[in-house]
Amino acid sequence: MSVEQTACEDLKAFERRLTEVNACLRPATIRWRIILFLISVSTAVGAWYWLKDPNTSAVSFTQSLLNHPFFTISCLILIFLFTIGIHKRVIAPSIIISRTRIVLNDFNMSCDDTGKLILKPRPTLT
């Protein structure tokens with residue numbers, strides 16, 4: 001095999017692997033997005049009821065949180081999710097693709113959002 005054929009096969013293998021990694025991350029990313037959405041809505045609803053309660057201003061902060069366990073628990077879960085890095089897991093494929101684009105730019109290439117390689121025209125020497 002010639003050098004160009006070997007390079008072409010390597011690029012095809014790299015593209016297959018990149019699209020495979022991207023495709024494997026999509027289901028997990030969707031699950032994390034759903035979890036983040038649900039807990040965010042739960043926290044917002046709990047906050048609404050917590051703020052609308054007339055006893056909230058009359059009692060201490062701790063007692064107010066104890067009076068509204070739904071809001072307290074959903075806030076704690078939201079804080080825990082951000083502590084374990086849900087904000088990175090929600091956009092994991094985008095992070096990988098953007099970093100790959102940075103590296104591929106050195107080789108005069110790019111990729112689309114699914115991981116397919118885009119070959120740019122060779123620069124001309126003048």
Side-chain angles (χ1 to χ4, degrees):
M1 288 175 71
S2 71
V3 175
E4 287 185 9
Q5 288 174 331
T6 305
C8 187
E9 291 299 319
D10 289 344
L11 282 175
K12 287 179 184 178
F14 176 75
E15 181 181 56
R16 279 193 303 270
R17 182 67 179 136
L18 186 59
T19 55
E20 177 185 320
V21 167
N22 196 25
C24 289
L25 285 175
R26 293 280 177 203
T29 300
I30 291 171
R31 279 193 298 271
W32 283 114
R33 286 179 184 174
I34 291 170
I35 290 169
L36 181 61
F37 175 76
L38 290 176
I39 199 66
S40 296
V41 169
S42 299
T43 303
V45 169
W48 176 259
Y49 285 113
W50 181 58
L51 292 172
K52 286 296 183 182
D53 185 11
N55 294 332
T56 299
S57 61
V59 296
S60 69
F61 178 71
T62 309
Q63 186 60 41
S64 176
L65 290 177
L66 291 175
N67 290 342
H68 298 277
F70 179 74
F71 171 68
T72 306
I73 291 170
S74 62
C75 268
L76 291 174
I77 291 172
L78 188 62
I79 291 168
F80 174 74
L81 287 175
F82 276 102
T83 303
I84 65 168
I86 193 170
H87 54 290
K88 293 178 186 173
R89 293 175 184 179
V90 165
I91 59 168
S94 302
I95 292 171
I96 290 173
I97 293 295
S98 68
R99 290 180 182 172
T100 303
R101 284 183 181 139
I102 292 169
V103 172
L104 287 174
N105 194 34
D106 292 340
F107 298 99
N108 208 27
M109 292 188 287
S110 185
C111 63
D112 62 5
D113 291 336
T114 62
K116 298 283 185 187
L117 291 179
I118 300 169
L119 301 175
K120 296 179 183 176
R122 291 184 181 179
T124 57
L125 298 174
T126 52

Is there a continuous path of hydrophobic side-chain contacts, each under 4.5 Å between heavy atoms, that joins I77 to V90?
yes
Taking every heavy atom of I39 against every heavy atom of S74, the minimum-distance pair comes out as CG1-O, 3.8 Å
CD1 (I102) and OG (S110) are apart, to the nearest 0.5 Å, by 10.5 Å
So CH2 of W32 and CD1 of I91: to nearest 0.5 Å the spacing works out to 14.5 Å
Output for pair (N55 CG, H68 NE2), nearest 0.5 Å, gives 7.5 Å
In terms of heavy-atom contacts, I84 and R89 come closest through O-NH2, 3.7 Å
Heavy-atom closest pair (R101 atom, D113 atom, distance to 0.1 Å) is NH2-OD1, 2.8 Å
Residues K88 and I95: closest non-hydrogen pair is O-CD1, 4.0 Å
Discussion item. I'd like to know whether L11 forms a side-chain contact (heavy atoms from CB on, under 4.5 Å) with F107, so could you lay out the CA-CA distance, the side-chain angles of the two residues, the decisive distance to 0.1 Å, and finally the verdict.
Written reply: CA-CA 11 Å; L11 282 175; F107 298 99; over 6 Å; no
Scanning both residues in full, the closest heavy-atom pair of C111 with T100 reads SG-CG2, 4.3 Å
Distance col, row D112:CG vs I97:CD1, nearest 0.5 angstrom, shows 7.5 Å
Requested in this report: Check the angle between the aromatic planes of F61 and W50 and answer parallel, tilted or perpendicular using the 30° and 60° thresholds.
Outcome: perpendicular
dist N105:CG -> K120:NZ (nearest 0.5 Å) comes out at 4.5 Å
query = Between N108 and P121, is there a donor-acceptor pair closer than 3.5 Å when you use the side chain of the first and the backbone of the second?
reply = yes
Under 4.5 Å between side-chain heavy atoms, hopping through other hydrophobics if needed: is there a path connecting F37 to L78? no
One should read off an interatomic distance between L65 CG and N67 CG, to the nearest 0.5 angstrom, of 9.0 Å
Tested for side-chain contact (heavy atoms from CB on, under 4.5 Å) against P93, the lone hit among T114, V21, T29 is T29
For the hydrophobic clusters of this structure (ILVMFWY residues joined by side-chain heavy atoms under 4.5 Å, transitively), does one cluster hold both I73 and F71?
no
When V45, D53, L51 are each screened for side-chain contact (heavy atoms from CB on, under 4.5 Å) with Y49, the one that passes is V45
Membership question, hydrophobic clusters at under 4.5 Å side-chain separation (ILVMFWY): are L81 and L38 in the same one?
no
Note: N22 and G115 closest approach over all heavy atoms is ND2-N, 4.0 Å
Would a single hydrophobic cluster contain both L66 and L76, if residues Ile, Leu, Val, Met, Phe, Trp and Tyr are joined by side-chain heavy-atom contacts under 4.5 Å? no
Output yes when E15 and K12 qualify as a salt bridge under the 4.0 Å nitrogen-oxygen rule, no when they do not. no
